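From a predicted model like this one, the values you see are computed outputs, not experimental measurements. Read the numbers this way: they start at 1 and go in the same order the structure lists the ligands and their atoms.
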Amino acid sequence: MELLRTINSPADLKKLPPEKLPQVASELRAFILETVSKIGGHLGSSLGAAEITIALHYAFDTPKDKLVWDTGHQSYGHKILTGRRERMANIRQLGGISGFLKRHESEYDAFGAGHASTAISAALGIAVARDLKGEHNKVVAIVSDGCMTGGESYEGLQNAGQVQTDLIVVLNDNQMFISNRVGALGAFLSKLLTLGAVRNAEHSIKTFLARFQFWGGSILRVAKRAKVLLFPGMLFEEMGFSYFGPVDGHDVEQLAQVFKHVKELKGPILVHCVTKKGKGYAQAEADPYTWHGPGKFDVATGKFLKSPTQKDPPPSYTAVFSKALLREAENDPRIVGITAAMPEGTGLDAFRDRFPRRYFDVGLAEEHSVTFAAGLACEGFKPVVAVYSSFMQRAYDQVEHDVCLQNLPVVLCLDRGGLVGEDGPTHHGVFDYSFLRMIPGMTVMAPADENELQHMLHTALRLDGPASLRYPRGNGVGVAMDPEPKSLPIGKGVRLKDGSDVTILAIGNRVHPALEASQILEDQGISCGVVNMRFVKPLDVALLKECAARTPRLVTVEDNVLQGGFGSAVLEALTHGHAEVLRLGIPDLFVEHGAPHLLYESLGLSGPKIAESVAAWVPRKSPARI
Ligand SMILES: Cc1ncc(C[n+]2csc(CCOP(=O)(O)OP(=O)(O)O)c2C)c(N)n1
């Protein structure tokens, strides 16, 4: 790490001669590998973007020039070069730096991210603001090919083409998403590469760069335009961008030169860089899916280090969903499975392998996935859209306008509901109860455990209207699985335990912590009932009133924001002073990253913490009972 140790800001990087940049790249990779191997995190994307990162900071004047990274999972190199090398040791850990980009973390993080396809729009906004202020800095959006499949990227491109301000888009084309690339854009980009365009373009770029200094900017643009038809980037040219590439995204010296030159050009520019995901680590190059976001591993052998876990852990919710969907689909040919670029993450990969004709990976396009499902439902199919809770936020209008308004039987399966952990606030799935329950006609459920998940899927697929079920990241609670799925009564909760002092009304993956809490409370002499409400909507109002009649104190527990969530629904239903209600849930703030159990603990949502809150709220009957 001889060179990297001396780089504490991009200014230090710029002191190096260009021929030293390859060494910086290899040291940067080694550092990223060492960091991720110890604590897990995103790996392949940052390894692949090493040279682009170095060349950008070398060629541009950051932070005055703004780098806007799409998604941010490829930004480890950027963090290391911008003064956060020492802090990488606790990236994604509670109290440590984020695994994505955060404006408050560094002046070099021009725009926060975590969700895909926002960079071009954000960069255009920053560029237009620069123009309005009469300033002259450069703005660069760095977007990988997967993020280009999200509709917002095209919205940004077409607007930038119209505005014609100075904006550089670096397309980092590694031919991979998390999983294999899908979609027509990929086919288009691949065609450019198989035409031998990289080699040809390298030559033409060299001649182009050599001639550049003799041309004025406007002559250059005309000359470039004249070559449009010969150039492979016609799509982008047609959208008003000047296209350069494909460029070898691992030739750091050439990249730095290209960036130095394009930054002098006027108008929107797109530089198409070809890279390899996982570059420099053989295992990651060979299996980019596994190495997209690995856990701890041994760098030398590439072997994953097992953390001490239970001997036979319960299956993950994702695995249970995956299996349950297969069983439903075996019996009903109308079921189709839809994912937005996350087949493995959502468990839809098994469906893909079993029913390839009924499986659709639409790319990073959640909005499209939902309206596409609505279209299928119009024609009698039963679409299951499997998307992470936080990414479903993208498709809110589609859920409301295209699905619910037409009462179409689309099933939204929201994985990663609740606090997801190390990915942090961009990925926590803590808003869906609120944003779904306000839509007329929507059925909103959350299973308490993996067994209930299979029943809820079965139930949702038999509804004559839209439904959502949300379940958490990680393993189930270890309950026995019923051999056959069954339909649950709609809008009905179940009383799990009686109590005479207080009743906890719990939903989703807070049901089992609520049971734990009630046991702790019993030990303290507080008689605590527990209800698994199962449905946020329709809410079991009759059961609520029954509980209120038994114990005048009710506690709601959810891992959704308190604003408008399950507890709010309970309050709305219990008018006219039926009961006093204590609501436990996610407060009105964005929860930081960290291990889920630590986050649940710190927010008072673990079993013991729920018990603490309830005990503090329920008046003691007599000192003897304490
Ligand atoms: C809106 C949204 N949907 C899904 C994701 C999950 N996700 C993160 S990175 C990624 C793949 C991105 O592929 P690409 O842009 O090609 O980047 P690469 O990892 O290949 O560098 C996906 C699907 C996300 N972050 N945001």
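The shortest contact between atom 13 (O) of ligand 1 and any protein heavy atom is with Phe177 CA, 3.5 Å. The single protein non-hydrogen atom nearest to atom 25 (N) of ligand 1 is Gly114 O, 3.0 Å, given as residue, atom name and distance. Looking only at protein heavy atoms, the nearest one to atom 21 (O) of ligand 1 is Asn174 ND2, 3.0 Å. In this structure, atom 26 (N) of ligand 1 lies nearest to the protein heavy atom Ala116 N, 2.9 Å. For atom 17 (O) of ligand 1, the closest non-hydrogen atom on the protein side is Ser144 CB, 3.3 Å.
Just one of Asn509, Leu457, Leu453, Val320 meets the side-chain contact (heavy atoms from CB on, under 4.5 Å) condition when paired with Tyr471; it is Leu453.
Ionic pairing of Arg470 and Asp432 is present here: one or more N-O contacts between side-chain nitrogen and carboxylate oxygen are shorter than 4.0 angstrom. At a threshold of 4.0 Å, the pair Lys102-Glu592 counts as salt-bridged, since one of the basic side-chain nitrogens sits closer than that to a carboxylate oxygen. Glu34 has no carboxylate O lying under 4.0 Å from a charged side-chain N of Arg29, or vice versa, which leaves the two without a salt bridge. Classification of Glu422 and Arg473 as a salt-bridged pair holds, one side-chain N sitting under 4.0 Å from a carboxylate O.
Residue Glu366 touches ligand 1 through its side chain alone, judged by heavy-atom distances below 4.0 Å. Residue-level proximity to ligand 1 for Asp145 is carried by backbone and side chain together, each with a heavy atom below 4.0 angstrom.
Taking any N or O of Ala340, backbone or side chain, none lies under 3.5 Å from an N or O belonging to ligand 1. Remark: ligand 1 and Ala341 share no N or O pair separated by less than 3.5 Å (distance only, no angle test). Below 3.5 Å of separation, one finds no N or O of Ile178 facing any N or O of ligand 1. The N/O atoms of Met176, backbone and side chain alike, include one that comes under 3.5 Å of an N/O atom in ligand 1. Residue contacts with ligand 1: His115 is placed with no nitrogen or oxygen under 3.5 Å of a nitrogen or oxygen of the ligand (distance criterion only). Below 3.5 Å of separation, one finds an N or O of Cys147 facing an N or O of ligand 1. Ligand 1 has no nitrogen or oxygen under 3.5 angstrom from a nitrogen or oxygen of His427. In terms of N/O distances under 3.5 Å, ligand 1 is approached by His73. For a threshold of 3.5 Å applied to N or O pairs, the pair formed by Arg394 and ligand 1 contains no separation below that value.
Note that the CG atom of Leu167 and the CZ atom of Phe241 stand 5.5 Å from one another [nearest 0.5 Å].
Residue-ligand proximity, Thr71 to ligand 1, at heavy-atom distances under 4.0 Å covers atoms 25 (N). Near Ser45, meaning under 4.0 Å from one of its heavy atoms, ligand 1 places the atoms 18 (P), 19 (O), 21 (O). For ligand 1, the atoms lying closer than 4.0 Å to a non-hydrogen atom of Gly146 are 13 (O), 14 (P), 15 (O), 16 (O).
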Please lay out, stage by stage, how His593 and Asp423 fare under the test side-chain hydrogen bond (donor to acceptor under 3.5 Å, both in side chains).
-> CA-CA 6 Å; His593 54 266; Asp423 279 340; over 6 Å; no
Test salt bridge (charged side-chain N to carboxylate O under 4.0 Å, His left out) applied to Arg84 and Glu105, step by step | CA-CA 9 Å; Arg84 285 169 274 182; Glu105 192 179 289; 2.8 Å; yes
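A cation-pi arrangement is present between Lys263 and Phe60, with the terminal nitrogen or guanidinium carbon under 6.0 Å from the aromatic centre and inside a 45° cone about the axis. Cation-pi check for Arg354 over Phe351 is not met; the charged atom does not lie both under 6.0 angstrom from the ring centroid and within 45 degrees of its normal.
No more than 12 heavy atoms of other residues, nucleotides or ligands lie within 6.0 Å of CZ in Phe381, so this atom counts as exposed by the packing criterion.
Residue-ligand proximity: Gln74 is placed with every non-hydrogen atom at 4.0 Å or more from ligand 1. For Gly150, the heavy-atom gap to ligand 1 stays at 4.0 angstrom or more.
Among all heavy-atom pairs drawn from Ala341 and Leu364, the shortest one is CB-CD1, 3.5 Å.
The closest heavy-atom contact to atom 18 (P) of ligand 1, among the options Lys277, His42, His292, comes from Lys277.
In summary, the side chains of Arg416 and Thr318 do present a donor paired with an acceptor at a separation below 3.5 Å, with no hydrogens or angles considered.
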